[in-house]
Amino acid sequence: MDRAQLWVYLAEQPLLWLTVTLIAYMLGHAAFVRSGSRAVVNPVAIAGLILASILLITDTPYAEYFEGAQFVHFLLGPATIALAWPLYQNFSRIRRLILPMLVALVVGSLVSVGSAVAIAYSLGAPDQVWLSVAPKSVTSPIAMGVAEKIGGLPTLTAGLVIMTGILGAIVVSPLLNLMKIRDWRARGLSVGVAAHGIGTARAFQVSSVAGVFAATAMVLNALITALVASLLVTV
Amino acid sequence: MPAALTFLLTFQLVGLVLVSVLNLAIPEPVIGLILMFLWIHLGWPVPVELGPLCEGLLRHLSLLFVPAAVGLVTYLDLLSQHWVPVFLALAISTPLSIAAGAWTFSALARWMKLPPEGDEVKQDG
């Protein structure tokens, strides 16, 4: 087998892209740890950039890459359910705070949707585009459903959701340090509302309390958004 | 570990069945999460390795988003046409939303005289 043949053979194997995904993440994670856990050194962004460059250079279609990466992607479902465990362990703490949490959640969510739509619309984005921007802070399956309902492009929304998550995970710590908000509960909750699962992953990296509040906020935001979206249609 | 994994996946499967039968707009893992939470909360039996499995899955939650992040390459064409309004919308509204949520919660917690948690911020990332 010569080199070209070997590449063609390997590129068709799910093993190749699964392993390369893990290697890229390990590199991203190592960079994150070496930086002293700095938020700007985001493992998802680094791994994504490495892998996207490899795909562009080797001219590999995303569908072929996903044949291997799907095994990692699949674990998102079980990992979401696994959030029930820390939620259960911290339930007494959450229950006491449910009122301020819900208020902060609604404020964060309204600011997210309102400011994003206002900016995209006033800068002349076409209707389909600014409507796709609206649900960007919610976890992607719900965001895509909302985009479809209100007349946006679900696929564009899926990409914007990921970008928002990475952006939120990167800005949350420096921003809230600047605002002198040190409370792990406030920090976790705000990033869970604004940046869904990727923000929640960042919160768990820093503190388990922040992680739990981020997870709770993300789930409640998903449920409330789905509920509001289902009402929108009947109006 | 197989017992705990079976336990988790069963909740996801039940979630999937409920979502398709009842035509819900909520993704099946969220339904699974709620059901598993209720199960544990009611004190029903769970596999001993459930805690370690859940903690293991969540420790590297970031990894699980990598394939979706790579998927951004498939939106490059669509994004490149409108990147200025879209990028500015995300770049401004995301920190604004984080600031609004965190500020609201802290203000309410102070008003309700709840003691803060986490003045011991170690990592300043």
Side-chain angles (χ1 to χ4, degrees), chain A residues 21 25 37-39 43-44 47-48 51-52 62 69 72-73 75-85 88 100 104 107-108 111-112 115-116 119-120 123 125 129 133 141 145 156 159 162-164 167-168 171-173 175-177 181-184 186 189-190 193-194 198 201 206 226 230, chain B residues 8-9 11-12 25-27 29-30 32-33 36-37 40-41 50-51 54 57-58 61-75 78-79 82 84-86 88-102 104-106 108-109 112 116-119 121 123-125:
Chain A
T21 299
Y25 176 75
S37 304
R38 289 185 80 82
V44 184
L51 290 163
Y62 181 72
V72 171
H73 183 75
L75 289 173
L76 269 179
T80 304
I81 298 173
L83 290 169
W85 183 257
Y88 165 72
V107 170
V111 168
S112 164
S115 62
I119 293 165
L123 291 176
V129 173
V133 170
L156 178 61
I162 293 286
M163 283 174 71
T164 301
L167 217 64
V171 300
V172 59
S173 300
L175 173 68
L176 294 181
N177 287 345
I181 293 176
R182 299 292 192 190
D183 194 321
W184 285 130
L189 175 133
S190 62
V193 173
I198 300 181
V206 190
S230 65
Chain B
L8 265 189
L9 290 181
F11 278 104
Q12 189 170 356
I26 296 161
V30 175
L33 189 170
M36 188 168 108
F37 176 85
I40 308 174
H41 190 65
L50 186 66
C54 291
L57 274 171
L58 295 176
L61 188 58
S62 304
L63 163 65
L64 313 186
F65 288 99
V66 171
V70 178
L72 275 177
V73 292
T74 55
Y75 308 117
L78 204 54
L79 283 173
H82 308 289
V84 177
V86 166
L88 282 178
L90 299 195
I92 296 170
S93 103
T94 306
L96 216 56
S97 161
I98 291 176
T104 308
F105 182 89
S106 314
L108 283 173
M112 292 169 70
E117 272 184 56
D119 280 317
V121 175
Q123 286 151 315
D124 274 349

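Letters go in sequence order (proteins before strands), and every chain restarts at 1.
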>> For Tyr75(B), give me all partners under ring pair (Phe, Tyr, Trp, His ring centres under 6.0 Å), at least two apart in sequence or on another chain.
In response: none

State, to 0.1 Å, how close [X] and [Y] come at their nearest heavy-atom pair, and which atoms those are.
X: Thr164(A); Y: Thr94(B); result: CG2-OG1, 3.6 Å
X: Ser97(B); Y: Ala194(A); result: OG-CB, 3.3 Å
X: Leu108(B); Y: Pro100(A); result: CD1-CA, 3.7 Å

Of the backbone (N, CA, C, O) and the side chain (C-beta and beyond), which part of [X] lies under 4.5 Å from a heavy atom of chain B, both, or neither?
X: Val72(A); answer: both
X: Ile81(A); answer: both
X: Leu189(A); answer: side chain
X: Val133(A); answer: side chain

Tell me, for [X] versus chain A, whether the close heavy atoms (under 4.5 Å) come from the side chain, the backbone, both or neither.
X: Leu90(B); answer: both
X: Thr74(B); answer: side chain
X: Val73(B); answer: side chain

> Among Ile92(B), Val86(B), Leu96(B), whose side-chain contact (heavy atoms from CB on, under 4.5 Å) with Ile119(A) holds?
Replying inline: Ile92(B)

> Can you name the residues that form a side chain to side chain contact (heavy atoms under 4.5 Å, CB included) with Pro43(A), not counting sequence neighbours?
Replying inline: Tyr25(A), Phe32(A), Gln205(A)

